[in-house]
Amino acid sequence: MTQQSDILHYAVSVVGKDRPGIVAAITGGLFNLGCNIADSSCTMLAGEFAMILIVSLKRPFSKSRLIDELKPICDKLGMTLGVRTLHADEIARQETDSEICMISVYGADQPGIVYHVTKELAARSINITDLNTKLIGTAEEPVYVLMLEVALPEGESPEGIEQTLAALKKELKVEISVRIITPVAF
Amino acid sequence: MPVQPVLRYPHPILKKLCNRVEKIDQNIHRLIEDLVDTMHDGPGSVGVAASQIGVTLRVCVVDVSKNRHGKENNHGLLCMINPEITGRCGLATMREGCMSVPDYTGDVDRATEITLLFNDPDGTIQEITASRFEAVAIQHEMDHLDGVLFLDRVTSIKTGLFRRKSY
């Protein structure tokens with residue numbers, strides 16, 4: 001069996017104007033290298049397509065070989081490429097039984113919604129595991145929607161978060177609701 | 001009766017269509033005991049289908065009475081043979097996971113209220129209406145009888161961020 005130390009991990013990000021064939025082109029390059037896609041999230045943001053992948057390879061390998069393969073592909077597609085070597089301790093995750101909460105924040109668009117909300121969460125050591133934002137509504141009445149998934153530290157509750165954010169809700173005149181979405185195992 | 005090991009995908013039995021039980025006998029009673037014991041053994045488990053322990057028969061057990069989502073609204077321990085859903089209404093999304101597909105969870109839409117017919121272990125036909133969490137649990141377990149995993153129904157995915165220790 002392959003030892004964990006024989007495996008190298010890299011974080012790869014690719015961003016550029018959306019069009020059909022981006023994923024096939026990038027993953028084709030990874031396949032040629034014998035790369036595993038261990039974890040990935042790819043999505044369209046406005047007209048841009050953004051890929052974030054954690055890839056793994058057996059030693060011997062180097063970051064430059066990864067870049068040599070992917071850079072020409074990205075250049076051809078007009079996309080930017082980022083590659084970072086991950087250390088073993090960045091790959092290992094702590095097992096926790098945290099409750100997972102979804103926080104919805106929405107209201108009239110204004111500067112600083114994301115900053116003000118996440119600052120309060122950071123101050124209480126609440127870890128964000130997923131976040132997305134969307135500008136909806138009309139040009140006359142733009143509405144900002146912020147959805148966050150967070151892991152609750154020991155002792156925190158959804159009610160506690162709502163209380164923490166109550167002052168902000170008033171100040172920014174936005175709606176904020178918090179609910180538990182911890183997966184149920186059948 | 002002993003707790004049985006829970007099969008994990010890609011075990012082929014999990015994708016098999018299970019057969020109707022033609023005769024409720026000692027073997028079926030033993031199977032139900034195994035299912036109940038296996039369910040109680042799984043941490044926080046609220047149901048097990050026969051195919052999950054390697055038996056391709058239309059039998060499953062559900063008990064949400066000890067779960068925080070189901071304790072207020074349930075029928076206690078349900079041992080269902082040849083269950084059939086005869087009516088469904090409402091739709092709600094819940095993030096589900098499954099003992100047969102560890103380290104993975106995803107949002108699944110299911111009916112919030114179902115009416116179902118099944119044979120109990122005595123062979124009597126029962127008709128119940130289950131709602132909310134209990135209804136979701138029954139639909140999840142009954143899917144196993146058709147070889148359907150929650151992965152086949154996911155509307156948005158979320159990997160088990162906190163359960164996986166390493167790649």
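Every chain is numbered from 1, with letters handed out A, B, ... down the list of sequences.
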*Out of curiosity, B/T105 OG1 to A/I100 CD1, how far, rounded to the nearest 0.5 Å?*
8.5 Å
Are [Y] and [X] connected into the same hydrophobic cluster when the rule is that any two of I, L, V, M, F, W, Y join if their side-chain heavy atoms are below 4.5 Å apart?
X      : Y      : result
B/I138 : B/M39  : no
B/V59  : B/I24  : yes
A/V150 : A/I176 : yes

_Which atoms of B/M94 are under 4.5 Å from chain A, going by heavy atoms: the side chain, the backbone, both sets, or neither?_
side chain
*Contact part of B/H144 toward chain A, heavy-atom cut-off under 4.5 Å: side chain, backbone, both or neither?*
neither
*Please name all residues satisfying side chain to side chain donor-acceptor pair (under 3.5 Å) with A/S104, sequence neighbours left out, ordered by chain then number.*
A/R179
*asked:* For A/A11, give me all partners under side-chain contact (heavy atoms from CB on, under 4.5 Å), at least two apart in sequence or on another chain.
replied: A/I54, A/R84, A/L86
*Should the pair B/R95-A/E99 be classified as a salt bridge under the 4.0 Å nitrogen-to-oxygen rule?*
no
*Residue pair B/E141 / A/F186, side-chain heavy-atom distance below 4.5 Å*: yes
*Side chains of B/R68 and A/V184: does their closest heavy-atom pair fall under 4.5 Å?*
no
